[in-house]
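The sequence lines fix the lettering, A, B, ..., with proteins before strands; numbering per chain opens at 1. The shown structure was predicted, so the numbers you read here are calculated from the model rather than taken from an experiment.
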Amino acid sequence: MTEELDLIRNSVSRLFKENAEKKILDQAEQGKFPKNLWKTIKNAGYHEAWYGTGTDNLKIALVIAQESGRYSIPLPIVETMIARKLTHECEIDLAEDIVTISNPQSYDNLDLRNNILSGNVKGVPFGRFASKVVLSINEKLIIAPVTNTHMATNMAGEARDELSWNDCEIFVGDTLHPNEILLYGALMRTAQICGSLQHALEMSINYSTEREQFGRPLHKFQSIQNYLAKIASSKAIADSALLRATENPSESNIAAAKACASEAAGEVAALSHRIHGAIGFTYEYSLHHITRRLLSWREEFGAETWWHKNLGEIVVDRGPDKLWDLIVS
Amino acid sequence: MIGKILTMSSMLSFPPVRLTEDSLNLRAELREFISESRKILDWKPRSNFMSTFSSEFSKMLGSNGYLGITWPSQYGGQDRSALDRFVITEELLAAGAPVAAHWVAERQSGPLLIRYGNEKQKQVILPKIASGECYFSIGMSEPNSGSDLASIRTRAENTGQSWKITGTKVWTSNAHKNHWMILLARTSPPSEKRHEGMSQFLIDLKNDKMQINPIPNMLGQHEFNEVVMEEMEIPLDRLIGQEGNGWQQVTAELAFERSGPERFLSSYNVLLELIKVSGNQQNTEMRKAVGKIVSRLMALRTMSISIAGMLERGENPDIAAAVVKDSGNDFEQQVIEITREVLAIEPICKSKNSQEYESLMADLILQLPSFSFRGGTPEIMRSIIARGLGVR
Ligand SMILES: Cc1cc2nc3c(=O)[nH]c(=O)nc-3n(C[C@H](O)[C@H](O)[C@H](O)COP(=O)(O)OP(=O)(O)OC[C@H]3O[C@@H](n4cnc5c(N)ncnc54)[C@H](O)[C@@H]3O)c2cc1C
């Protein structure tokens, strides 16, 4: 499977790289939905890569998530993947829809009676572009139409909208624990962060090779080499934690993965800017497409402290004698 | 350029590893052995791998077939995989077993001899390491050569009948207890190409004519030594590998040294204690601290076993190993600092009444400065990583 995954990664990476022009990223930030790119992705089937029951589907989905993060693809690929996965046993046909998910951490006053929903949710990724959103209320899977939208964005200019319902009729499905949405969201964001860390590392290496000061390339300075090594190490930790969660997506592994990725996101964003100097702070130069995503994604679906607490509770409840089994399992 | 960089940075990728049924059985078996040995030898758990030197324990491990298992059977090994060995090392460290006696010999000296040693060296020494009876020191550092190892001055001269060695090694851990030392020395004078002209030798610490002088460490303990050799003569067949090939051999040796679980488990006992205390209190900050430590530990362990997989496939993961060593050292330090933030405790040395935990903490806090040096300093690890990224 490792070799197959590498092949998949190469083709996904090529597709994203060819299509993620700076112009598209800039326009997406102005609110323009990149329709053609979405069509391309749909044709490739990326948005439903996790759909179905194949055991390797998750691995493939995470590769796609990682590469989409690497190229800052401004589209609800992972959200649709998760929504399709969660609803795959429902009798509703969502094949043509853009579907998103809502993080249970940002539900506000949701009230569900029979199948009538009222209340608000915040920070819904790409809410305004989606036709439906998947939630978990009273431990039931809910599919609600996107109706009232108050537009908001994260620090990277990605749509994170507030949705509201007022006595709205919705679809109520089978049991769905809210934790599931949160865990899946965290796992996908972890993969996106890892992809983005890769790009930040590549840009920082390139820039430090091209830019000269005091008559030599920046990378000849030991401090700069240190920053690059630190970026590579933080990335290696996040990658390893993601690898664990990919092989065995248990709650504790996902918690560790998102915590490590969120920590790395902050460190790498800061160091990449340090290496780039003023040019990295300009809108023209694309570093910010990466770093603003890193800084946003590290908070979404649980920041590191949230997952530290979650993992800490799991570990303390099990007690010291069972820690080692958790580490080596 | 981009192409080059991409291949460089993909060197730092960590492929997944699946343990076989055999490895899992080995783990279970070993756990039993460890608790059995504790009953018999009554050792105290200490997760720093250099803390307890117990030849009884090492021999017990050896006679039960847990040492040198990756080596060819003709030299006392069992032809098993590097992953099986990984399982053994991590179980020993997590249990805090007293592994200091055989650790270096089994980890790096044996593998070095298998790769470069002559037949006689292999036949005489390897089976003894595998049975837990034969221990090794590392003779690299000198008074004027630390990180800059290529600047060593110890000289070995071929007189036709013997090698005549003159020079001083320092920080030689357990030279006063071990049987052999692998010495790095110059066999031709330094030239333009500073990595050439060095060779490695087997030194018999019990019988060769040298002075071993203790250097007490800042805790007042005698662990490392100064080893002074003045025109010390050793037989010609003590040369390891090829004359002049010393640098390449040392580099290979160091890759075994850097990526193992001993690089991030030294403060594991403190973590266990923190979890125990947290269990008795409804304190969110403590749980956060536990989660922060455990999340990193999980990542490091996955990285380290992935490197064991690379070693098993015959790859040379020296850059990845430097990442484990550097991040592992940071982590060991963090465990102490994070724990201090949530657990008010005054570390106590050598008091009869001191709680186990208080003295554990004191010992680790004082040992910590040294953890980052053994096996190469953080700065040197970072420059190895930078080289791997193609920027040096
Ligand atoms: C507990 C312990 C056990 C040891 N056991 C052994 C042993 O058994 N055998 C053995 O041979 N050695 C042993 N050592 C020695 C160890 O390998 C050295 O301490 C290590 O290589 C560093 O050398 P140094 O101490 O001379 O420091 P130096 O090399 O003098 O370094 C001092 C400081 O300068 C920095 N520095 C040096 N060069 C550079 C550079 N190019 N760029 C940036 N910064 C730099 C270092 O990172 C460090 O921070 C042991 C050390 C310890 C602490």
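- Two residues are said to be in side-chain contact when any heavy atoms from C-beta on lie closer than 4.5 Å; A:Ser252 and B:Met298 meet this criterion.
- The shortest distance between side-chain heavy atoms of A:Leu201 and B:Leu389 falls below 4.5 Å.
- For chain A, the nearby parts of B:Arg296 are the backbone and the side chain; heavy atoms of each come within less than 4.5 Å.
- One finds a salt bridge joining A:Asp325 and B:Arg31 here, because a Lys/Arg side-chain nitrogen approaches an Asp/Glu carboxylate oxygen to under 4.0 Å.
- Contact check for B:Ile385 versus A:Lys230: no side-chain heavy atoms found under the 4.5 Å cut-off.
- In this structure, CD1 on A:Ile327 lies 10.0 Å from CG on B:Leu300, to the nearest 0.5 angstrom.
- Residues B:Leu272 and A:Trp324 are not in side-chain contact: their nearest non-hydrogen atoms beyond the backbone lie 4.5 Å or more apart.
- A:Ala259 touches chain B through its side chain: at least one heavy atom from C-beta onward sits under 4.5 Å away, while N, CA, C and O do not.
- Neither the backbone nor the side chain of A:Ser234 comes within contact range of chain B; no heavy atoms are under 4.5 Å apart.
- Proximity to chain A involves both the backbone and the side chain of B:Pro16, based on heavy atoms less than 4.5 angstrom apart.
- Between B:Lys288 atom NZ and A:Lys309 atom NZ the span is 7.5 Å, to the nearest 0.5 Å.
- Residues B:Leu12 and A:Lys235 are not in side-chain contact: their nearest non-hydrogen atoms beyond the backbone lie 4.5 Å or more apart.
- In this structure, the portions of B:Ser278 lying under 4.5 Å from any heavy atom of chain A include both its backbone and its side chain.
- Contacts of A:Leu242 with chain B are absent, with no heavy-atom separation under 4.5 Å from either backbone or side chain.
- Heavy atoms of A:Glu304 lying under 4.5 Å from chain B are absent altogether.
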